[in-house]
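A short write-up of the structure that comes next.
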Amino acid sequence: MVGRTIRGVIVRERRLRQPVPPSLADAAGARIAAVSRRGKYLIVTMGGSRGHLLVHLGMSGRLRVVRQAAPFRRHDHVAIELSSGRQLRCHDPRRFGLVLPLPAGDPLRHPLLRGLGPEPLSEMFNCTVLAAACRGRRAAIKLVIMDARVVVGVGNIYANEALFRAGIRPGIAARRLSGARLARLATAIRTVLDEAIAAGGTTLRDFLDADGRPGYFRQQLFVYERAGAPCRRCGTTIRQRVLGQRSTYWCPRCQGSA
DNA sequence: CGAACCTCCTGCGGGC
DNA sequence: TGCCCGCAGGAGGTTC
């Protein structure tokens with residue numbers, strides 16, 4: 001997309017997580033200067049102080065670049081027409097996603113991005129930061145690492161998997177964990193994300209990347225969606241419960257003894 | 001302030 | 001076969 005010009009914007013469904021504002025049409029004529037990311041938010045920066053487009057895929061969102069004439073499919077809500085003769089299609093059955101124009105200036109000052117914690121694969125995220133976030137907190141450790149103010153990018157799959165690798169039970173109060181165990185956890189978060197990215201992500205049902213390919217990290221999951229199955233490390237039956245309204249999986253033997 | 005709970009929405013698989 | 005129920009990758013918001 002970088003270097004292309006936005007010829008026009010087609011909005012077929014405005015009712016996303018936030019309504020798509022009519023001003024999105026003002027992007028027409030702008031050149032795409034850069035595409036970046038903060039947490040799970042995508043940022044399309046337009047040249048000439050034309051501002052940015054903030055995109056989030058929610059749970060079911062998908063971005064595809066297709067030829068201009070490709071027929072619209074159900075749940076293709078927004079299309080960005082590019083000077084290449086192709087369109088960026090925003091497809092999102094559940095409509096938990098977001099397409100929002102942002103004014104020129106630092107997009108990180110926007111309310112949705114301002115309070116975000118460090119990127120997990122950057123130097124800014126380490127055991128010291130994690131320990132500070134856990135100090136005094138009675139919340140379950142899984143909820144803490146899924147809190148975007150603490151660290152971004154750790155969704156339900158990778159929270160479960162990182163806790164398994166660190167040998168930590170998901171429901172334990174964050175403040176009860178020693179610095180040494182939190183150091184293991186910080187490392188596990190980075191490792192699991194690195195490996196998942198290398199595998200192209202995790203396709204559970206319908207995830208496809210921008211080129212339409214699935215991800216293969218599912219084959220490397222130790223606990224997620226494995227309730228009742230034997231632990232890959234010790235054979236103990238994987239357990240499941242709900243924590244913060246999200247499915248939570250753990251091996252009672254590999255993850256703590258308490 | 002933290003913690004618990006709710007909400008948005010469609011699709012799919014399982015049970016009956 | 002068809003219907004109902006529960007659950008699903010996120011995350012901002014409300015209430016106490």
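Every chain is numbered from 1, with letters handed out A, B, ... down the list of sequences.
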Legend entry - Presence of salt bridge, A:E119 and A:R38, under 4.0 angstrom: yes

Legend entry - Nucleotide nearest A:L112 (side chain, heavy atoms from C-beta), chosen from C:dG10, C:dG9, C:dG12: C:dG12

Inset, instruction - Please work out if A:R138 contacts a base, only the sugar-phosphate, or nothing of the nucleic acid, heavy-atom cut-off 4.0 Å. - result: sugar-phosphate

Legend entry - Cationic N near anionic O, under 4.0 Å, A:R137 to A:D147: yes

Legend entry - Under 4.0 angstrom between A:Y224 side-chain N/O and C:dG9 OP1 or OP2: yes

Inset, instruction - Check whether the aromatic ring of A:F96 stacks on the base of C:dA11, taking stacking as ring centres less than 5.5 Å apart and planes within 30° of each other. - result: no

Inset, instruction - Assign A:R95 to base, sugar-phosphate, or nothing according to its heavy-atom contacts below 4.0 angstrom with the strands shown. - result: sugar-phosphate

Inset, instruction - Test for a donor-acceptor pair under 3.5 Å between the base of C:dG9 and the side chain of A:D206, counting only N and O atoms. - result: yes

Inset, instruction - Give a yes/no answer on whether the side chain of A:H56 brings an N or O atom under 4.0 Å of OP1 or OP2 in C:dG10. - result: no

Inset, instruction - Would you kindly give the OH-to-C1' distance between A:Y216 and C:dG9, to the nearest whole Å? - result: 18 Å

Inset, instruction - Round to a whole Å and report the spacing from CD of A:Q240 to P of C:dG6. - result: 15 Å

Inset, instruction - Under 4.0 Å between any heavy atoms, over every strand shown, what does A:R149 touch: base, sugar-phosphate, or nothing? Just pick one. - result: nothing

Inset, instruction - Look at all strands and tell whether A:R205 reaches a base, only sugar-phosphate, or nothing, counting heavy atoms closer than 4.0 Å. - result: base

Inset, instruction - Using a 4.0 Å heavy-atom cut-off across all strands, classify A:Y158 as base, sugar-phosphate, or nothing. - result: nothing

Legend entry - A:R205 and A:E225 ion-paired at < 4.0 Å: yes

Inset, instruction - Name the residue closer to the 5' end of DNA chain B, choosing between A:R94 and A:A139 according to the nucleotide with the nearest heavy atom. - result: A:A139

Inset, instruction - Check the distance between C:dG9's C1' and A:Y249's OH and give it to me in whole angstrom. - result: 11 Å

Legend entry - Range on DNA chain B touched by chain A - first to last nucleotide, heavy-atom distance under 4.0 Å: B:dA3 to B:dG11

Inset, instruction - For A:L57 and C:dG9, give me the distance from atom CG to atom P, rounded to whole Å. - result: 16 Å

Legend entry - Electrostatic pair A:E195-A:R190, nearest N-O below 4.0 angstrom: no

Inset, instruction - Could you state the atom-to-atom distance from CZ of A:R62 to P of C:dG10 in whole Å? - result: 16 Å

Inset, instruction - Round to a whole Å and report the spacing from CD of A:E225 to C1' of C:dG6. - result: 14 Å

Legend entry - First encountered from the 5' end of DNA chain B, between A:G244 and A:V144: A:V144

Legend entry - Whole-Å C1' distance, B:dA4 and C:dG9: 22 Å

Inset, instruction - Write down the distance between CE (A:M146) and C1' (C:dG10), rounded to a whole number of angstrom. - result: 8 Å

Inset, instruction - Looking at every strand, decide which applies to A:T202 at a 4.0 Å heavy-atom threshold: base, sugar-phosphate, or nothing. - result: base

Inset, instruction - Scan A:L143 against the nucleic acid and name what it touches under 4.0 Å (heavy atoms): base, sugar-phosphate only, or nothing. - result: nothing

Inset, instruction - Could you check which nucleotide pairs with B:dC8 in any of the strands shown, counting Watson-Crick or G-U wobble with both distances under 3.5 Å? - result: C:dG10

Inset, instruction - Check whether the side chains of A:H91 and A:D76 place a donor and an acceptor atom closer than 3.5 Å, and report yes or no. - result: yes

Inset, instruction - May I have the distance from A:Y41 (atom OH) to C:dG12 (atom C1'), rounded to whole angstrom? - result: 8 Å

Legend entry - Value rounded to 0.5 Å, distance of CZ in A:R17 from CG in A:L112: 9.0 Å

Legend entry - Short side-chain donor-acceptor distance under 3.5 Å, A:S247 and A:Q240: yes

Inset, instruction - Apply side-chain hydrogen bond (donor to acceptor under 3.5 Å, both in side chains) to the pair A:Y158 and A:T202, showing each step before the final yes or no. - result: CA-CA 10 Å; A:Y158 303 125; A:T202 306; 2.6 Å; yes

Legend entry - Straight-line distance of A:R184 CZ to A:L130 CG, nearest 0.5 Å: 13.5 Å

